[in-house]
Amino acid sequence: MFDEVGEDFEVFWSQRRICLLSTVARDGTPHVVAVGVTVDLENGLARVITRRGSQKVRNVLAAGEGGARVAVTGIDGARWSTLQGNGVVRTDAASVAEAERRYAQRYRTPTPNPERVVLEITVDRLLGTVR
């Protein structure tokens with residue numbers, strides 16, 4: 001998926017910025033929340049670390065074992081980039097550790113949280129002015 005992106009895209013998604021994650025609630029309404037996102041260009045993934053009981057996690061889990069369609073958007077003035085794909089919740093220690101490692105590279109070392117899980121997004125669509 002990320003084979004078609006340029007250096008500007010890589011820089012955009014490596015700079016520290018708060019992003020927006022969109023999921024769909026059980027009643028069909030959008031749930032949009034500010035998050036930190038990391039992008040794994042090599043594996044075509046975006047990751048959000050979060051708490052097990054958060055609304056975003058509940059929304060993805062409610063969609064079933066296969067996960068749910070989600071989107072994350074980064075904004076920098078008039079420049080923006082949205083990554084769409086299928087999101088699943090990962091609870092295993094290896095997935096959480098990898099997501100925390102990447103989060104620490106882009107943002108800061110996350111505080112310990114025994115309730116931490118990872119929303120892992122397999123990106124299949126790119127939108128925006130940043131390519």
Side-chain angles (χ1 to χ4, degrees):
M1 168 51 47
F2 294 122
D3 296 340
E4 62 196 57
V5 301
E7 184 178 335
D8 190 40
F9 181 90
E10 292 182 40
V11 170
F12 183 89
W13 282 104
S14 66
Q15 295 171 331
R16 187 184 194 283
R17 70 174 35 87
I18 300 301
C19 301
L20 297 173
L21 170 71
S22 301
T23 61
V24 179
R26 282 183 184 255
D27 66 1
T29 59
H31 175 74
V32 182
V33 62
V35 295
V37 178
T38 62
V39 175
D40 178 349
L41 296 171
E42 185 176 324
N43 294 301
L45 300 173
R47 294 180 180 92
V48 175
I49 59 173
T50 188
R51 185 179 45 84
R52 181 181 317 273
S54 69
Q55 184 63 51
K56 57 189 155 287
V57 167
R58 291 195 310 265
N59 290 346
V60 171
L61 291 175
E65 195 173 303
R69 295 293 296 173
V70 300
V72 289
T73 300
I75 304 166
D76 180 28
R79 301 171 63 235
W80 63 278
S81 176
T82 296
L83 312 177
Q84 294 181 348
N86 192 64
V88 295
V89 177
R90 302 275 186 225
T91 59
D92 62 283
S95 293
V96 172
E98 177 63 10
E100 289 174 331
R101 182 186 72 76
R102 289 175 180 275
Y103 184 92
Q105 288 178 332
R106 185 172 185 194
Y107 297 99
R108 60 174 174 75
T109 301
T111 57
N113 181 350
E115 293 296 310
R116 181 163 291 131
V117 297
V118 181
L119 175 56
E120 186 178 271
I121 304 159
T122 302
V123 178
D124 59 22
R125 186 169 185 207
L126 306 175
L127 302 169
T129 59
V130 179
R131 290 295 185 135

Undergrad: Does one hydrophobic cluster hold both V70 and L45, with members joined at side-chain heavy-atom distances below 4.5 Å?
TA: no
Undergrad: Side chain to side chain contact (heavy atoms under 4.5 Å, CB included) for W80 and L127? Distances and angles first, verdict last.
TA: CA-CA 8 Å; W80 63 278; L127 302 169; 4.0 Å; yes
Undergrad: Within this structure, what is the CD1-CD1 distance for the pair I75 and I18, rounded to the nearest 0.5 Å?
TA: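 These two atoms lie 11.5 Å from each other.
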Undergrad: Would you please say whether a donor-acceptor pair under 3.5 Å links the side chains of R102 and Q105?
TA: no
Undergrad: Do you know the tightest heavy-atom contact between W13 and C19?
TA: CZ3-SG, 3.8 Å
Undergrad: Locate the shortest heavy-atom distance separating I49 from E100; write the atom from each residue and the value.
TA: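 It is CG2-N, 4.2 Å.
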Undergrad: If you count the non-hydrogen atoms of other residues, nucleotides and ligands that lie under 6.0 Å from CZ in R125, is the total more than 12?
TA: no
Undergrad: Is there a path of hydrophobic side-chain contacts, each under 4.5 Å between heavy atoms, that joins V24 and V35?
TA: no
Undergrad: Report the distance from atom CZ of R47 to atom OG1 of T38, rounding to the nearest 0.5 Å.
TA: 6.0 Å
Undergrad: Give, for atom CZ of R17 and atom CG of D76, the distance between the pair rounded to the nearest 0.5 Å.
TA: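 Between R17 CZ and D76 CG, I get 4.5 Å after rounding to 0.5 Å.
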Undergrad: So, for V88 and G67, which heavy atoms are closest and what is the spacing to 0.1 Å?
TA: CG1-CA, 3.9 Å
Undergrad: Between L20 and V48, is there shared hydrophobic-cluster membership here, with clusters defined by ILVMFWY side-chain heavy atoms closer than 4.5 Å?
TA: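 The answer is no; the residues belong to distinct hydrophobic clusters.
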Undergrad: Within the structure provided, determine whether V72 and T82 are in side-chain contact (heavy-atom separation under 4.5 Å).
TA: no
Undergrad: Distance from L83 atom CG to F2 atom CZ, nearest 0.5 Å?
TA: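 Output value for this atom pair is 5.0 Å.
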Undergrad: Does E115 CD have over 12 foreign heavy atoms under 6.0 Å away?
TA: yes
Undergrad: What is the distance from atom CZ of R16 to atom CZ of R108, rounded to the nearest 0.5 Å?
TA: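 Reported to 0.5 Å precision, the distance equals 7.5 Å.
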Undergrad: How far apart are the closest heavy atoms of E4 and L126, and which atoms are they?
TA: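 Looking at all heavy atoms of both residues, the shortest contact is OE2-CD1, 4.0 Å.
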Undergrad: Out of curiosity, does L21 fall in the hydrophobic cluster containing V130 (side-chain heavy atoms, cut-off under 4.5 Å, transitive links)?
TA: yes
Undergrad: Nearest 0.5 Å, what's the CG-OG1 distance between N59 and T29?
TA: 8.0 Å
Undergrad: With distance as the sole test, does R116 use its side chain to make a donor-acceptor pair with the main-chain N or O of T111 at under 3.5 Å?
TA: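 Between the backbone of T111 and the side chain of R116 there is a qualifying donor-acceptor contact (under 3.5 Å).
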Undergrad: Could you pull out the closest heavy-atom pair between V118 and V96, with the gap in Å?
TA: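 What the structure gives for the nearest pair is CG2-CA, 3.5 Å.
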Undergrad: Do the non-hydrogen side-chain atoms of D124 and N86 ever get within less than 4.5 Å of each other?
TA: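 Sidechains of N86 and D124: no contact.
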Undergrad: Establish whether V57 and V33 are linked, either directly or via other cluster members, by ILVMFWY side-chain heavy-atom contacts under 4.5 Å.
TA: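 Looking at the clustering, V33 is in the same group as V57.
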Undergrad: With a 4.5 Å heavy-atom cut-off, do F12 and V39 have their side chains touching?
TA: no
Undergrad: Give a yes or no answer on whether the side chain of R106 reaches the backbone of V37 with a donor-acceptor pair at less than 3.5 Å.
TA: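 Here the side-chain-to-backbone pair exists.
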Undergrad: Show the nearest heavy-atom pair for residues Y107 and G36, with the distance to one decimal.
TA: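 Of all heavy-atom pairs spanning Y107 and G36, the closest is OH-CA, 3.4 Å.
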Undergrad: Taking everything shown except E42 itself, do over 12 heavy atoms lie less than 6.0 Å from its CD?
TA: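 Count not over threshold, so no.
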